Amino acid sequence: GLTSSYSMDDEREREKKNIVAIYNKADHYYHIEKDYYRAIELYKSVAEQNLDIWVANWACYNLGFCFQKGLGVHIPDYNAAETWYSKVNK
């Protein structure tokens, strides 16, 4: 019979690809549909994975920008913006 070869590296690669796909969807909501609320939800789901990949940094930066400019939130929230900006490159 066939045996399946499974490794943690394969699982991590799949997880990273999934996170990149979620990030791309967030970018679509942000840049194309201008649905900042949905973009924030998806950026948060990427940022909260704590993965050391480029999309995590960009998600944190984009969250900081949204909160700073009041995009997808009722009013600008500079404290939240600073919190997200501080997570970039960490």
Side-chain angles (χ1 to χ4, degrees):
L2 296 174
T3 59
S4 109
S5 91
Y6 174 82
S7 75
M8 289 303 287
D9 289 339
D10 292 339
E11 181 63 28
R12 272 195 288 279
E13 269 314 301
R14 276 194 290 282
E15 187 175 317
K16 285 181 179 182
K17 286 179 183 175
N18 186 45
I19 295 300
V20 171
I22 293 169
Y23 177 85
N24 288 336
K25 185 96 169 156
D27 263 3
H28 174 81
Y29 282 121
Y30 182 94
H31 294 289
I32 307 300
E33 296 190 25
K34 308 295 184 201
D35 185 343
Y36 303 114
Y37 179 79
R38 300 231 15 224
I40 284 174
E41 287 181 329
L42 294 174
Y43 285 140
K44 278 184 181 178
S45 72
V46 171
E48 291 169 351
Q49 296 296 315
N50 294 320
L51 293 175
D52 186 23
I53 56 177
W54 64 271
V55 291
N57 275 324
W58 274 108
C60 290
Y61 176 83
N62 291 341
L63 284 163
F65 187 83
C66 286
F67 280 99
Q68 178 185 350
K69 300 296 183 182
L71 302 173
V73 294
H74 295 294
I75 58 171
D77 183 338
Y78 301 111
N79 290 328
E82 181 58 35
T83 297
W84 286 111
Y85 283 140
S86 73
K87 295 180 183 212
V88 175
N89 289 324
K90 288 193 175 185

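Remember, predicted model here, so these are calculated numbers, not experimental data.
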Under the criterion salt bridge (charged side-chain N to carboxylate O under 4.0 Å, His left out), I'd like the reasoning laid out for E15 against R12: C-alpha separation, chi angles, the key distance, then a yes or no. CA-CA 5 Å; E15 187 175 317; R12 272 195 288 279; over 6 Å; no
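Placement of W54 and L63 within a single hydrophobic cluster is found when ILVMFWY residues are connected by side-chain heavy-atom separations under 4.5 Å, directly or transitively.
Heavy-atom minimum distance, S45 versus I22: OG-CG2, 3.4 Å. Contact record, A26 with A39: O-CB, 3.6 Å, taken as the closest heavy-atom pair. Between A59 and V46, the shortest heavy-atom contact is CB-CG1, 3.8 Å. Minimum interatomic distance between K87 and C60 (heavy atoms only, all atoms of both residues): CB-SG, 3.7 Å.
Aromatic ring centres of Y29 and Y36: separated by at least 6.0 Å. Remark: aromatic rings of F67 and Y78 are distant, center separation not under 6.0 Å.
With hydrogens and angles ignored, the 3.5 Å screen pairs no side-chain donor or acceptor of Y23 with any backbone N or O of A47.
The CG atom of D27 lies 12.5 Å from the CD atom of E33; values are rounded to the nearest 0.5 Å. Rounded to the nearest 0.5 Å, atoms CD1 (I19) and CD (E48) are 10.5 Å apart.
Within a 6.0 Å radius of OH in Y85, more than 12 heavy atoms belonging to other residues, nucleotides or ligands are found. More than 12 heavy atoms of other residues, nucleotides or ligands lie within 6.0 Å of NZ in K34, so this atom counts as buried by the packing criterion.
Using a 4.0 Å cut-off between charged nitrogen and carboxylate oxygen, K44 and E41 do not count as a salt-bridge pair.
The closest side-chain heavy-atom distance from L42 to Y30 is not below 4.5 Å.
The aromatic rings of Y61 and W58 sit perpendicular, their planes meeting at an angle over 60°, well past the 30° parallel limit.
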